[in-house]
Colleague: 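Please read through the structure below; I'll follow up with questions.
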Amino acid sequence: MLIRTNFIAATLIVLLGTSAQAQAEQPANGFGLFGGISSHSMTPQNSAAADYSSSGVSLGIDYQFGLADSFSLNPFLMSAGERVSGGISDATSGHGILGVEGRYWINSEYFLGAHVGSYSEVLQSNSSNVSTSASGGGFGLTVGWENNSRTSAFGGIFVALQVDKAKIHYDNADVGLSGLRMHIGYRWK
């Protein structure tokens, strides 16, 4: 725990220290398309059902509105398809988020974001071909980097790590959903 705390503190110091070295530039407006890997864990909160987890691929789209030199607003839509393991066998899951994220930009390239959104999940049993769905609200945090250079051949490339926490409701159970996504994408500016 102490090592992780020191690593996070050192990372923030480096990011904040480099922010004073460059001129601020307003985040560029534009569509972003991204994909990557995702992993979720679900914990039933008011039933005796088993905990389960899933991992797979994630895809998404957003639009960035630059609001000031250090802030942007990013409405987004994400979807993930994952294979379930743990307490449920032979199943797949689909996770979706429709939300909006506010981002604070450091050094015009690094960002810290927080979002709120509507989360959904569909569990599909591969053996019985029966599916169940759930939805609810949640929030998350994002950290990332985006190449804001409009002249570089790699202008528009971005990488982000996102953590999520939501409470979704099935017909007879509340489920705590936590997730981790790592994306790479491109923004058209």
Colleague: Is any side-chain heavy atom of L161 closer than 4.5 Å to a side-chain heavy atom of L180?
Modeller: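 Yes, their side chains come closer than 4.5 Å.
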Colleague: So do the side chains of Y119 and I97 get within less than 4.5 Å of each other, counting heavy atoms only?
Modeller: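 The answer is yes, as the side chains (C-beta and beyond) meet within the 4.5 Å cut-off.
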Colleague: If you link ILVMFWY side chains whenever their heavy atoms are less than 4.5 Å apart, which other residues fall into the same cluster as F111? By chain and number, please.
Modeller: W105
Colleague: Checking F139 now: which residues fulfil ring pair (Phe, Tyr, Trp, His ring centres under 6.0 Å) with it, not counting sequence neighbours?
Modeller: none
Colleague: Apply salt bridge (charged side-chain N to carboxylate O under 4.0 Å, His left out) to E101 and list each qualifying residue two or more places apart in sequence or on a separate chain.
Modeller: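 Testing E101 for salt bridge (charged side-chain N to carboxylate O under 4.0 Å, His left out), a comparison that skips the adjacent residues, returns R103.
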Colleague: Of all residues at least two apart in sequence or in a different chain, which pass the side chain to side chain donor-acceptor pair (under 3.5 Å) check with S39?
Modeller: none
Colleague: S58 and side chain to side chain donor-acceptor pair (under 3.5 Å): which single residue from H40, R181, Q162 fits?
Modeller: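 Only one option passes, and that is R181.
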Colleague: For S133, which residues count as a side chain to side chain contact (heavy atoms under 4.5 Å, CB included) partner, sequence neighbours excluded?
Modeller: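 Testing S133 for side chain to side chain contact (heavy atoms under 4.5 Å, CB included), a comparison that skips the adjacent residues, returns V122.
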Colleague: Are H95 and D164 linked by a side-chain donor-acceptor pair shorter than 3.5 Å?
Modeller: no
Colleague: Residues in side chain to side chain donor-acceptor pair (under 3.5 Å) with Q64, at least two apart?
Modeller: N74
Colleague: Please go through V57's hydrophobic cluster and name the other residues, only I, L, V, M, F, W, Y counting, with side-chain heavy atoms under 4.5 Å joining them.
Modeller: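 ILVMFWY cluster around V57 holds nothing else.
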Colleague: I'd like to check the side chain to side chain contact (heavy atoms under 4.5 Å, CB included) partners of L59; sequence neighbours left out, ordered by chain and number.
Modeller: none
Colleague: Take W188 and L33 through the test side chain to side chain contact (heavy atoms under 4.5 Å, CB included) and record every step on the way to the result.
Modeller: CA-CA 9 Å; W188 287 268; L33 181 63; 3.8 Å; yes
Colleague: Would you give the length of the straight line joining atom CG of N147 to atom CD1 of I157, rounded to the nearest 0.5 angstrom?
Modeller: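 Between N147 CG and I157 CD1, I get 8.0 Å after rounding to 0.5 Å.
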Colleague: Tell me every residue that passes side chain to side chain donor-acceptor pair (under 3.5 Å) with S178, counting only those two or more places apart in sequence or in another chain.
Modeller: S41
Colleague: Can you check whether M42 reaches S54 side chain to side chain, under 4.5 Å on heavy atoms?
Modeller: yes
Colleague: Using a 3.5 Å distance criterion without hydrogens, assess whether the side chain of Q26 forms a donor-acceptor pair with backbone atoms of G66.
Modeller: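 Checked: pair present.
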Colleague: Roughly how far, to the nearest 0.5 Å, is CZ of F65 from OG of S72?
Modeller: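 Reported to 0.5 Å precision, the distance equals 10.5 Å.
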Colleague: Stepwise, does the side chain to side chain contact (heavy atoms under 4.5 Å, CB included) test hold for E146 with R187?
Modeller: CA-CA 9 Å; E146 183 170 327; R187 183 167 315 284; 3.1 Å; yes
Colleague: Can you list everything that forms a side chain to side chain donor-acceptor pair (under 3.5 Å) with S55? Sequence neighbours excluded, please.
Modeller: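 If we apply the side chain to side chain donor-acceptor pair (under 3.5 Å) test to S55, skipping adjacent residues, there are no hits.
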Colleague: What pairs meet the salt bridge (charged side-chain N to carboxylate O under 4.0 Å, His left out) rule with one or both residues in residues 74-83, with sequence neighbours excluded?
Modeller: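 Of all non-adjacent pairs touching residues 74-83, those that pass salt bridge (charged side-chain N to carboxylate O under 4.0 Å, His left out) are R83-D90.
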Colleague: Looking at CG of D174 and NZ of K167, how far apart are the two atoms once the value is rounded to the nearest 0.5 Å?
Modeller: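 Separation between the atoms: 4.5 Å.
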Colleague: Can you tell me how far apart NE2 (H115) and OG1 (T142) are? Round to the nearest 0.5 Å.
Modeller: 6.0 Å
Colleague: Calculate, to the nearest 0.5 Å, the distance between atoms OG and CG belonging to S79 and L98 respectively.
Modeller: 11.5 Å
Colleague: With F34, which residues qualify under side chain to side chain contact (heavy atoms under 4.5 Å, CB included), at least two apart?
Modeller: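 In terms of side chain to side chain contact (heavy atoms under 4.5 Å, CB included), with neighbours along the sequence ignored, F34 is linked to D62, M78, F158, H183.
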Colleague: Which atom pair, heavy atoms only, marks the closest approach of A134 to I168?
Modeller: CB-CD1, 4.0 Å
Colleague: With heavy-atom distances below 4.5 Å as the criterion, would you say the side chains of L123 and V84 are in contact?
Modeller: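 Touching, per the 4.5 Å side-chain cut-off.
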